[in-house]
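Heads up, the thing below is written out as structure tokens.
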2 protein chains.
Amino acid sequence: MKVSELAKAYGTTPDTVRYYTRLKLLNPIKSENGYKYYPPTEVSRFKFILSARQLGFSVSDIKQIVDEAGHGKAACPLVRALIKERLAETEKQFQAMLTLRENMSRALEQWECKEDKAPTSTMVCHLIDSFEPVSTEEPSDEK
Amino acid sequence: MKVSELAKAYGTTPDTVRYYTRLKLLNPIKSENGYKYYPPTEVSRFKFILSARQLGFSVSDIKQIVDEAGHGKAACPLVRALIKERLAETEKQFQAMLTLRENMSRALEQWECKEDKAPTSTMVCHLIDSFEPVSTEEPSDEK
DNA sequence: GTAGACCTGTGTGTAAGACACAGGTCAAGT
DNA sequence: ACTTGACCTGTGTCTTACACACAGGTCTAC
């Protein structure tokens, strides 16, 4: 398969295929005209990469995994370790987004009924300046 | 205030202060020795920027808002419009993270009890290859 | 006078591609 | 045979919101 064919087959873009190829995650065969051709093994590797990305692995995680597997070793322990890390990160970000989302909707609500005010030298926008966020502090749980 | 003082006062880093200054979001006074000094108006502007960032506005959003206010106009309508956009984006990302998080924990669970397997030419890691994600598809709601 | 802690500007790095561009290649239609 | 248009190639730059590095200037305390 050629670059665009591969991309289309899995609903991504040629740029993504080229990106992974640049990083040597994919190793196509170069034909005489200079075009890259992806044999079946590379196609399934691409599928693998996309699955791993969907599971939250970073591209560099995937590189590690592929390298490990390239040595014939089972990458499973590494994979389990990595996903634990990524899950923890995701959980953190998730909580942050939860707070952010709540703050944003609270702000929107608060602001709907407030009038406009011209700025002053110390206040760019009274909406933002006077916004009261939800308490992020857990009363006394850590430290 | 000097760069590091300002940063410390609001729990950020000197690099952040310098970054906003580079973008002309902050306009310090240069003293003879070349150091930047932030007068009270710039200090409250910095406070404003940090609040806006916490509310999910991008730095370029903030630049727009500040510019608008710089012309003496009330930035409130712009602020309301922008936060609606950002909230919508956040909502999307939030849903995506929800799915991701679920997939990750499901994967972790599924994988705990599976044994390791050596890779083959078409399979880098059977854990990832055989993972079954939660259904992302809404049965037939759009399109 | 000098050590150490600050400051300056500028430049580079990050993640995961998206986009641009100059030029080569190929299949189809004339 | 020739041209058009759709593909391909490499390479380089852009994005976000800073973090970090570096060479050199400045300030404070000893």
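Residue numbers start from 1 in every chain, and the chains themselves are labelled A, B, ... in the order their sequence lines are given, proteins ahead of strands.
- Between the CG atom of B:D15 and the P atom of C:dT12 there is a distance of 16 Å, rounded to whole Å.
- Aromatic ring pairs are classed by plane angle as parallel below 30°, tilted from 30° to 60° and perpendicular above 60°; the pair B:F57 and A:W111 is parallel.
- Considering only side-chain atoms of B:S58, the nucleotide from C:dC26, C:dG11, D:dA17 that sits closest is D:dA17.
- One atom, NZ of B:K2, and another, C1' of C:dC6, lie 7 Å apart when rounded to the nearest Å.
- Applying the salt bridge (Lys or Arg N to Asp or Glu O under 4.0 Å) test to B:R106 and every residue at least two apart in sequence or in another chain returns nothing.
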For this session: Tell me, with the steps shown, if B:F46 and B:L25 meet side-chain contact (heavy atoms from CB on, under 4.5 Å).
Result: CA-CA 8 Å; B:F46 185 54; B:L25 273 175; over 6 Å; no
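- Here C:dC6 is the nucleotide among C:dC6, D:dT11, C:dT8 with the atom lying nearest to any side-chain atom of B:S4.
- Checked by atom type, the side-chain pair B:Q64/B:E68 shows no donor-acceptor distance below 3.5 Å.
- Each of D:dG25, C:dG24, D:dA17 was ranked by its minimum atom distance to the side chain of A:Y35; first place goes to C:dG24.
- Atoms CD1 (A:I29) and C1' (D:dT9) sit 17 Å apart, rounded to a whole Å.
- For B:T16, taking side-chain heavy atoms from C-beta onward, the closest of the listed nucleotides D:dC18, D:dC20, C:dG17 is D:dC18.
- A sub-4.0 Å separation between OP1 or OP2 of D:dC18 and a side-chain N or O of B:Y20 is present.
- Rounded to an integer number of Å, the gap from CG of B:L26 to P of C:dT8 is 13 Å.
- Considering only side-chain N and O atoms, B:R53 lies under 4.0 angstrom from the phosphate OP1 or OP2 of D:dC18.
- Looking at heavy atoms from C-beta onward, A:I62 lies out of side-chain contact with A:Y20 at the 4.5 angstrom threshold.
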Report task. Could you go through the side-chain contact (heavy atoms from CB on, under 4.5 Å) check for A:V66 and A:R45 one step at a time? Result -> CA-CA 9 Å; A:V66 165; A:R45 173 160 295 197; 3.3 Å; yes
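- Put simply, CG on A:L23 is 11 Å from C1' on C:dA15, counting in whole angstrom units.
- Cluster membership for B:Y10 and A:M123, using ILVMFWY side-chain heavy atoms within less than 4.5 angstrom, is not shared.
- Distance, B:R86 CZ to D:dT16 P: 10 Å, rounded to whole Å.
- Phosphate contact (OP1/OP2 of D:dT9, side-chain N/O of A:R18, threshold under 4.0 Å): present.
- In this structure, of C:dT10, C:dT8, C:dA16, it is C:dA16 that holds the atom nearest to the side chain of A:Y19.
- Of the residues near DNA chain D, A:K8 and A:K30, the one whose nearest nucleotide (by heavy atom distance) lies more toward the 5' end is A:K8.
- Closest approach to the A:K36 side chain among C:dT8, C:dC19, D:dT9 is made by D:dT9 (side chain taken as heavy atoms from C-beta onward).
- For A:N33, a side-chain nitrogen or oxygen approaches OP1 or OP2 of C:dC26 to under 4.0 Å.
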Intermediate values then yes/no, side-chain contact (heavy atoms from CB on, under 4.5 Å), A:D116 and B:R80 | CA-CA 10 Å; A:D116 297 358; B:R80 289 197 196 87; 3.0 Å; yes
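- A:Y38 places its OH atom 11 Å from the C1' atom of D:dT9, with the value rounded to the nearest Å.
- In terms of phosphate contacts, B:T13 brings a side-chain nitrogen or oxygen within less than 4.0 Å of OP1 or OP2 of D:dA19.
- As a whole-Å value, the separation of A:L50 CG from C:dG17 P is 9 Å.
- Comparing the axis of the opening five pairs of the helix from C:dG1-D:dC30 to C:dT30-D:dA1 with that of the closing five pairs yields an angle of 30°, rounded to 10°.
- When distances are taken from the side chain of A:R22 to each of D:dG12, C:dT8, D:dG10, the shortest belongs to D:dG12.
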